[in-house]
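Everything on this sheet refers to the single structure shown next.
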Protein chains: 2
Amino acid sequence: MTKMSDVAKLANVSTATVSRVLRNPKTVKKSTQQKVFEAIKQLDYQPNILARRFRTNQTKTILVVVPSLTNLVFSEIIAGIDRVAMEQGYQVLLGDTNKQLEKAQNFINHLKQKQVDGAILLTVRLDQDLWKEIANHYPIVLASDFVEDMKVPTVTIDNVKSGFEVTEHLIKLGHRKIAHVSGSADVSVSQERVKGYCKALRHYDIPFDSDLFIEADYSIEWGYSSVKKLMAQKSNPTAIFFGNDEMAMGGIKAATEMGIRVPEDLAVVGFDDIKFSAIYNPPLTTISQPLHEMGKKAMELLVKIMDGEPLETEKYVLESEFVVRDSCGAKITGK
Amino acid sequence: MTKMSDVAKLANVSTATVSRVLRNPKTVKKSTQQKVFEAIKQLDYQPNILARRFRTNQTKTILVVVPSLTNLVFSEIIAGIDRVAMEQGYQVLLGDTNKQLEKAQNFINHLKQKQVDGAILLTVRLDQDLWKEIANHYPIVLASDFVEDMKVPTVTIDNVKSGFEVTEHLIKLGHRKIAHVSGSADVSVSQERVKGYCKALRHYDIPFDSDLFIEADYSIEWGYSSVKKLMAQKSNPTAIFFGNDEMAMGGIKAATEMGIRVPEDLAVVGFDDIKFSAIYNPPLTTISQPLHEMGKKAMELLVKIMDGEPLETEKYVLESEFVVRDSCGAKITGK
DNA sequence: TTGAAAGCGCTAACAA
DNA sequence: TTGTTAGCGCTTTCAA
């Protein structure tokens, strides 16, 4: 492996000069730069990044903690993060927790041991306290999820508002028995969407019916079984608001199997607008999140923090969009 | 930041001993270990990984080069890789190429500069030659994709066989005008699936009809537009074999819009068996790939190579499974 | 504008 | 079983 001293020797300069050419070219005379570049080329020199990192004490790497990689919502956000990371010369290290909380400690060590310069969390669950503590000492940004009184920049959408919007839409369509199948309660976005749902019911004087509320998990399977359960009750709903699109699709599948037509017999709304929602049969009414944008914004914030720019601990709320398609029956009802 | 020498001082031993306790505990007396551990705890010492990496010249990090993160096939494989990586103490660095070939050089530098100990490629396109060269010098494994005469361990399924199987199934269902919408030709898996398709046609004496073959891209949009095109022709197909499930769903969407019923008027088969295929309407007949398994296997191989274990340059072919659901009409035809 | 030289914190060869 | 010690290759301060 050729090293810097080899280059220096060939170019007839000191290693300091070679280093300068690489990191601060303006401080070196043009002609000297020339010599150095030629030597580098001639020797096919590659700086030893490990040595550089050790010396400068920064990794130019960030960690993304994600509960599940195979969730399109998260992979889309990560793609956004990766985009900006690349532009800014950062690498992205994957931290798939597989929903196992114990992993958190592991990832926190990455920060403590300087394996990464900062982290973006796409989810914080019961490991809240661990992260809260660590957020005081290391650059951290939250995306998608958010945590009450965690003093950390956060990029989200207004989940309460969106939940309200969905429910209100169903109410205006004439529904009174509107069920909500929420994602796991330990994720704040679920709670927020529930809040929006409840708020809309209250606003339109519809009593909350616990038979029409199911706390599930953001998966196709849970959507499926929730519908089986809901529709087996005597007081079954005429509309269901699912916490995400996967659940909604699983739910529609179950309904179809039971001979319940969507949207004629049952209106359905999802959340996220993943790429399969528009082509699902029926096309899903849902809330579209600017996921890629969220990822980009989160990474931009993180870079600022890592660069030491003072940043008010703020919550950045991006715009979501209510997308009306067939599954809620709006087009049939003609509203 | 407390460093090793602080621990050594407190424990009344040398740094060498502290280092041994951390990396090779058996070579140190129990009682000494005890002392050291206490000092570590008392000082909340975290080893400086950057220094360690520099010194040992290994990163315990691998690179995964992926064309697109938001593709469920890849994210599933990555999840498998990540699983084994974690167990083996490796970190996974993300290399999303966004299908841009120029990125390859960038990632190759990661290897050259020792930012990673090895790499798993989920795709090799026109950048083949670059990779072929690099594969001689660094630990590399291919997963999902494969490259002719690239001397590198590869984990795949038998795409030719699967393509044959699908086509044969459609033929046995009575179809003669079977179209194939393939993924981009610069990916070998696409070519293999096409080969399987052609082989089956030949085997059953059905002439290849170029009007029934479209080279597309693995996306919903291309599936959609391919069907619009295919079904507008005079000699339109009675069955379509799509190169992946996303295309198949896009295709069914297009068919539905055109008043063509699937599977009654048009049989459809996809490839991959992503999680939405089973609940799509109609449920998709498809080939199920052991994606998670592929990822795990690939990482296992890479670890072996990085550990210097001699490994024959082999192609590991995992079993895929033909999953018959409604979209191909088999259940209607009663076969 | 350049060079000399001092480390960064750790590991491992060698000695004891 | 433990300690001494010599770097790993780079960056950066200080001096010229």
Side-chain angles (χ1 to χ4, degrees), chain A residues 1-40 43-61 89 109-117 308, chain B residues 1-40 43-61 89 109-117 308:
Chain A
M1 214 68 237
T2 53
K3 50 181 122 168
M4 196 174 269
S5 57
D6 298 328
V7 176
K9 200 178 293 170
L10 183 61
N12 249 307
V13 295
S14 69
T15 59
T17 300
V18 177
S19 178
R20 284 189 196 102
V21 169
L22 257 32
R23 308 188 45 89
N24 247 321
K26 319 117 202 172
T27 66
V28 178
K29 216 185 359 174
K30 266 274 181 295
S31 61
T32 315
Q33 279 186 42
Q34 204 61 40
K35 282 195 300 181
V36 172
F37 279 129
E38 259 158 37
I40 287 177
L43 298 173
D44 189 26
Y45 167 69
Q46 298 276 355
N48 181 325
I49 303 284
L50 263 33
R52 176 181 291 173
R53 287 183 183 168
F54 169 50
R55 184 50 232 248
T56 59
N57 204 26
Q58 59 162 8
T59 60
K60 281 286 181 181
T61 302
N109 282 340
H110 279 39
L111 284 161
K112 287 193 177 170
Q113 300 175 342
K114 309 201 177 175
Q115 300 189 53
V116 296
D117 298 339
Chain B
M1 215 68 237
T2 53
K3 50 182 121 169
M4 195 176 270
S5 56
D6 298 328
V7 176
K9 201 178 296 172
L10 183 61
N12 252 309
V13 295
S14 71
T15 60
T17 299
V18 178
S19 179
R20 283 190 197 99
V21 170
L22 258 31
R23 305 183 50 86
N24 247 320
K26 320 119 204 167
T27 66
V28 179
K29 211 185 3 176
K30 265 279 181 290
S31 63
T32 316
Q33 278 187 41
Q34 204 60 42
K35 281 196 300 178
V36 171
F37 278 130
E38 259 158 36
I40 287 176
L43 298 172
D44 190 26
Y45 167 72
Q46 298 277 353
N48 181 327
I49 304 284
L50 262 32
R52 177 182 292 172
R53 287 185 184 168
F54 169 49
R55 182 54 230 250
T56 58
N57 205 24
Q58 59 162 8
T59 62
K60 281 289 183 179
T61 303
N109 281 339
H110 280 39
L111 285 160
K112 287 193 178 170
Q113 300 174 342
K114 312 202 175 170
Q115 300 188 55
V116 296
D117 298 339

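When reading the values below, keep in mind they use all heavy atoms of this one structure, side chains included, and skip hydrogens, waters and symmetry mates. Predicted, not measured: the structure shown is a model, and the values here were computed from it.
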Which atom pairs, one a donor and one an acceptor, fall under 3.5 Å between side chains of residues 13-32 of chain A and the rest of the protein, sequence neighbours left out?
{"from": "A:S14", "atom 1": "OG", "to": "A:A16", "atom 2": "N", "distance (Å)": "3.4"}
{"from": "A:S14", "atom 1": "OG", "to": "A:T17", "atom 2": "N", "distance (Å)": "3.3"}
{"from": "A:S14", "atom 1": "OG", "to": "A:T17", "atom 2": "OG1", "distance (Å)": "3.3"}
{"from": "A:T27", "atom 1": "OG1", "to": "A:N24", "atom 2": "O", "distance (Å)": "2.8"}

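- Every side chain to side chain contact (heavy atoms under 4.5 Å, CB included) that A:D6 has, sequence neighbours left out, goes to A:T2, A:K3, A:L43.
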message = For a quick check, with a 4.0 angstrom heavy-atom cut-off, what is the B/S/- contact string for nucleotides 7-16 of chain C, read 5' to 3'?
response = BBBBBBB---
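- Across the helix from C:dT1-D:dA16 to C:dA16-D:dT1, the helix axis at one end is tilted relative to the axis at the other end by 30° (nearest 10 degrees, each axis from five pairs).
- Nucleotides of DNA chain D that come within less than 4.0 Å of any heavy atom of chain B span, from the 5' end to the 3' end, D:dT1 to D:dG9.
- Residue A:K112 holds its NZ atom at 13.0 Å from CD1 of B:I49, rounded to the nearest 0.5 Å.
- Side-chain contact between B:M4 and B:P47 is absent, with no heavy-atom pair separated by less than 4.5 Å.
- Sorted by first and then second residue, the side-chain hydrogen bond (donor to acceptor under 3.5 Å, both in side chains) pairs involving residues 49-59 of chain B (not counting sequence neighbours) are A:Q115-B:R53, B:R53-B:Q91, B:T59-B:D117.
- Residues B:A11 and B:V36 approach most closely at CB-CA, 4.0 Å, considering heavy atoms.
- From B:N12, atom CG reaches atom NZ of B:K35 across 6.0 Å, with rounding to the nearest 0.5 Å.
- For the residue pair A:L50 and B:F54, the shortest heavy atom distance occurs at O-CB, 3.9 Å.
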